[in-house]
2 protein chains.
Amino acid sequence: MQTLFSHIRKYCQLSDESLHRLGSVLKPVELEKGSLLITEGKVCQHVYFLERGCLRGFYNVDGREITYWFAFENNFVTSLLSFVTRLPGMENIQLLEDCKLWAIAYDDLQTLYQTHTDINTLGRIMNERYYVMLEERFVSNHFREARDRYENLLARAPHILQRVPLGHVASYLGMTQETLSRIRAKS
Amino acid sequence: MQTLFSHIRKYCQLSDESLHRLGSVLKPVELEKGSLLITEGKVCQHVYFLERGCLRGFYNVDGREITYWFAFENNFVTSLLSFVTRLPGMENIQLLEDCKLWAIAYDDLQTLYQTHTDINTLGRIMNERYYVMLEERFVSNHFREARDRYENLLARAPHILQRVPLGHVASYLGMTQETLSRIRAKS
DNA sequence: CCGCTCATTTGACATAAATCAAAAAAGAAA
DNA sequence: TTTCTTTTTTGATTTATGTCAAATGAGCGG
C-alpha cells in the first residue's frame with residue numbers, strides 16, 4: 001500500500017486523514033496470469049492500482065480481439081467507460097503476468113470524492129492524465145505506415161516490447177502479427 | 001452564457017456562488033470560419049465553451065493533416081494535453097464555421113478548482129466524459145474495413161456528415177477522401 | 001533430454017485502399 | 001448569369017498489408 005501512496009504523492013498532496021481513509025477502503029487482490037480482471041457485459045465496480053505485474057485491455061471488435069492498452073506497475077486500471085457511466089462495458093482486462101493489485105469500490109470512491117476535497121482533486125488529475133495518455137496513443141496510431149507506428153512505439157515505450165507477446169503488440173499497433181514480425185526482421 | 005450554465009446543469013449542480021464566480025471570469029470570443037483557435041507549438045491557455053458553430057482538431061502527422069476530432073454546439077473545447085501538462089501542444093483547432101465561444105483562462109480555472117469544490121467536481125466529471133468519448137472513438141477506429149468505420153459513424157454521429165466537408169471526415173475515419181467517396185457511392 | 005504447447009517467423013498469394021490524375025459538381029463572388 | 005474556387009467523384013494503376021498455411025524456435029513439465 002505504501003507503493004500506492006508514494007505513487008499518489010507524485011501527483012498531488014493528500015492529507016494524512018485522506019490517506020488513512022483511502023487505505024481503509026482498499027482491498028488487496030492477487031490474481032494469476034491469464035485471468036480476467038474485468039469482463040465485457042458487466043458494470044465495472046472497481047478502480048485498481050497495479051502494484052506488480054502487467055495486463056492488457058482488449059475489445060472484441062468485428063470478431064477479433066483488439067488490444068488497445070497495456071498497464072504496468074504503478075498504474076491505475078479500470079474500465080473507465082463502464083465505471084463512470086454505470087453501464088455494462090465492452091472492455092476486457094486480462095493479466096499478462098501474475099499480479100498484485102489494490103481495489104477500491106465505486107461507492108467508496110464516490111463517498112471519498114464527496115467528503116475529501118483533496119481526493120476529488122486527485123481523481124480529476126488522474127483523469128486528466130489518462131486522457132492525455134489515450135490521446136497520445138490515438139495520435140500515434142494515425143501514422144500512415146505500419147513501420148512508423150512500430151518505430152514510434154520503440155521510441156516511446158520500448159518496455160512494452162520486452163514484456164508483452166508480439167501478437168498483442170501487433171494488435172495494439174493496428175497490424176497483424178505477421179506484419180509486425182516482418183517489420184522487425186527488416187530493422 | 002445561459003446556454004453554458006444550462007449545459008453544466010445537466011452534469012452537476014453548481015451553487016449560485018460558483019456559477020457567479022465562473023461567469024465573472026468567462027470572456028466572450030467570436031471568430032470567423034477558417035481561423036485557428038489553438039495552434040501547435042504553443043501552450044494552450046484556455047478552455048472554451050462552444051456556444052455556436054463547429055470546429056475540428058487536427059495534428060500534422062507524417063506531413064499531412066490528421067483530423068481527429070469535431071466539436072459542435074454545447075461542447076467544451078481545448079487542447080487538453082497542452083492545457084494540463086503546461087507544455088507546447090501538437091494540436092491545432094480550426095473553425096469550420098463562424099463561432100461564438102466563451103473562454104476561461106488556465107489560472108482562473110485552477111483558482112476556481114481550489115476555492116470551489118463543486119467546480120472541482122465539475123472538472124472531474126467533464127474529464128471523465130471526455131475520456132469516454134475519446135475511447136469510443138478510439139475503439140471504432142479499430143474496425144478493420146473502411147466501410148465499417150463509415151457505417152459506424154453514420155450510426156453514431158450522422159450530424160458530422162451534414163456539417164463537415166468530406167475531406168475532413170475521411171481523415172477523421174482514417175481513409176483518403178477518394179475512398180470515402182467511393183464507399184458513399186456504393187451505399 | 002524429450003515431447004508438448006505456445007510464440008514467432010517465413011512464404012505465396014489476394015485484396016483493400018492509397019496514389020496520381022483529371023473530370024464533374026457545387027458554392028461563392030462578381 | 002458568368003466566372004472562379006472549392007469540394008466531390010471517377011478512373012487507372014500501384015502497393016502495403018492482410019490472409020492462409022506451414023516451418024521454426026522457445027519455454028516448460030515430466
Where the side chain of Arg64(B) is concerned, which of dT8(D), dT19(C), dG18(D) is the nearest nucleotide?
-> dT19(C)
Consider the side chain of Leu166(B), meaning its heavy atoms from C-beta on, and name the nucleotide among dT8(D), dT8(C), dA18(C) that approaches it most closely.
-> dT8(D)
Quick one: does Arg182(A) reach the base of dT19(D) with a side-chain donor-acceptor pair under 3.5 Å?
-> yes
Remember a base hit wins even if backbone is also touched, and classify Glu178(B) as base, sugar-phosphate or nothing at under 4.0 Å, heavy atoms.
-> base
Starting from [atom2] on [N], measure out to [atom1] on [X] and report it in whole angstrom.
X	N	atom1	atom2	value
Ile183(A)	dG18(D)	CD1	P	9 Å
Leu96(B)	dT7(D)	CG	C1'	14 Å
Gln177(A)	dC6(C)	CD	P	14 Å

Any donor-acceptor N or O pair under 3.5 Å, side chains Arg124(A), Asn120(B) | yes
Considering just the side-chain nitrogens and oxygens of Thr176(B), establish if one lies under 4.0 Å of OP1 or OP2 belonging to dA17(C).
-> no
Under 4.0 Å between a side-chain N/O of Ser181(B) and OP1 or OP2 of dT8(D), yes or no?
-> no
Minimal heavy-atom distance between Phe76(A) and Trp69(A), with the atoms involved, is O-CH2, 3.9 Å
Could you walk me through whether Tyr131(B) and Glu128(B) pass the side chain to side chain contact (heavy atoms under 4.5 Å, CB included) check?
-> CA-CA 5 Å; Tyr131(B) 183 93; Glu128(B) 287 169 356; 5.7 Å; no
